[in-house]
Amino acid sequence: MTKFVVKVFFIFFTCLIFIFFALLPLGTGLNASGVVIENEAVPGQHLSNEITISTDKSENPMDFQVDVLDWVQGPIGENIAVNESKQKILSARSFLKVSPTNFHLEPGDSQKILVSGDVPKDVDSGGRYAIISAHTTPSESKNGGNSLGISYSLNTIVRITIAGSQLIRSAEISKLNIDQPISNRQQNVTMVFNNTGNIHYEAQPEIILKDKDNNTIADDIAPVTNNILPFASRIISLSLKPGQALKAGIYSVNGIVRLTDGTILATKSAKLDIT
Amino acid sequence: MKMVLCPRSSISVFTSIAFLLLIILSFEVIHADSSTMEAVPGQAVGSEITIGSDTSDEIFIQPPTPIFGFTLDPTQPTSTRQETMVVDAKGSWQILVSADAATGGHMAEYDTATHQFVPGGKKLKTPMIISAENGNEVDLSKGGVLVKGSGKKVVLLTFIQGVTLDDDTLPNGDEYQIFLTFTGSSVKANRVP
């Protein structure tokens with residue numbers, strides 16, 4: 001009988017533990033839904049969308065500020081929100097607004113943020129981009145001592161394609177650098193390419209090593225990038241590993257940037273001199 | 001051969017089945033919950049369209065808790081603290097970290113009475129650095145991408161502050177502070193290398 005009771009209790013508590021963890025919320029923190037806004041719109045069209053910000057019940061009360069910011073991209077594809085871009089960009093910031101711009105969340109509460117705007121009737125072709133930043137104010141030291149205040153921000157990226165306009169997907173490889181040291185076994189290459197078009201796209205960079213007779217010796221295909229915005233540059237590291245050590249001679253390294261459908265956007269060549 | 005269930009074993013079997021059903025039920029609860037989150041597409045009304053019906057794109061961030069009493073010891077090459085951060089999203093995400101404009105990434109003199117940085121106050125000579133496990137090391141005087149990933153990840157962060165004997169001690173009531181912002185965003189369609 002004792003064994004039976006132990007077994008029943010074992011099963012019961014195992015199930016209780018499982019159910020406890022299964023139903024456990026993700027943890028304290030901040031959650032946002034609707035954080036990618038992407039669609040086509042014609043000039044003059046009214047746009048609206050909602051983002052929902054929610055906090056966990058065990059989170060502290062928080063004050064939020066919501067801003068529409070310019071979206072710029074760094075060389076490794078990082079998405080950065082700035083008040084006003086100094087770089088050339090195609091911005092949607094001027095015609096988007098958010099409501100409310102400030103709000104307070106008690107633990108476990110949620111708040112809908114309305115993102116709306118009218119696409120200008122005289123808008124040019126291509127894409128328009130912005131970041132909606134919902135950020136908290138940093139908490140301050142109350143316990144004394146040197147401290148680090150932490151605030152957090154959840155960014156919603158906005159990509160609007162002007163429907164019916166001329167969408168130009170083009171690129172230029174601005175740099176194809178044969179990295180030091182020169183090696184006949186593994187040659188690293190750095191490629192920098194720019195989106196010279198007016199619309200974002202995912203790209204797949206590749207390099208091909210060819211000998212003097214145009215035979216392919218090795219190649220390397222980088223993973224598909226995240227969407228690269230117009231006027232943004234991207235730096236990619238690639239590596240050529242021929243099956244056997246390269247003999248002395250002149251080789252060519254051919255850089256290619258393709259769309260995911262295989263369309264070639266840009267090419268560039270560089271010489272590799274193996275001595 | 002005939003199998004006979006004694007009352008005790010039959011109770012045990014029924015108990016097991018009941019709990020098994022309970023487990024299946026709890027899976028259903030979870031599944032139903034996630035379905036609810038995915039099923040909120042926007043709709044076009046008249047001349048309006050809802051941009052981004054892609055409301056299933058969610059991101060969750062649980063940044064490290066504020067750090068108090070950060071020991072700055074000039075006899076040690078660096079002072080460090082470790083904290084964790086949790087990020088979760090249905091696709092790929094990135095976390096950027098930046099320091100407030102007042103400090104520019106260097107812990108700066110803060111007046112605890114006025115709750116403000118002291119104008120023209122002292123700053124540590126070395127900028128703070130944050131290092132993320134399986135991510136990057138970010139110099140906070142520049143800021144940048146701390147970590148990229150997809151799905152749910154618990155990230156171990158190390159806050160590194162260099163202090164030397166050239167750094168100034170502060171008068172009573174003042175302390176070195178810095179405010180950091182962790183920014184999470186979805187990087188949809190990004191294949192993480």
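The chains referred to below are lettered A, B, ... by the order of the sequence lines, with proteins before strands, and numbering in each begins at 1. Nothing here was measured: the structure is a model prediction, and the numbers come from that model.
- Side chains of B/Glu58 and A/Asn31: a donor-acceptor N/O pair is present below 3.5 angstrom, by distance only.
- Taking B/Asp167 as the reference, nothing meets the side-chain hydrogen bond (donor to acceptor under 3.5 Å, both in side chains) condition, with sequence neighbours excluded.
- Side chains of A/Arg234 and A/Asn226: a donor on one and an acceptor on the other come within 3.5 Å.
- Judged purely by distance below 3.5 Å, without hydrogens or angles, the side chains of B/Glu175 and B/Gln177 pair a donor atom with an acceptor atom.
- A donor and an acceptor atom, one from each side chain of A/Ser239 and A/Asn188, are located under 3.5 Å apart.
- With chain B as partner, the option from A/Ser116, A/Ala81, A/Ser133, A/Ala32 having the largest number of non-hydrogen pairs under 4.5 angstrom is A/Ala32.
- Residues B/Glu109 and B/Pro171 form a side-chain contact, since some pair of their non-hydrogen atoms from C-beta on lies under 4.5 Å apart.
- Between the A/Asn155 side chain and the B/Ser185 main chain, no donor and acceptor come within less than 3.5 Å of each other.
- Interface remark: B/Leu180 contributes backbone and side-chain atoms alike to the contact with chain A (heavy atom separation under 4.5 Å).
- Residue-level contacts of residues 60-77 of chain A with chain B, in order of numbering, are A/Ile76, A/Gly77; threshold 4.5 Å between heavy atoms.
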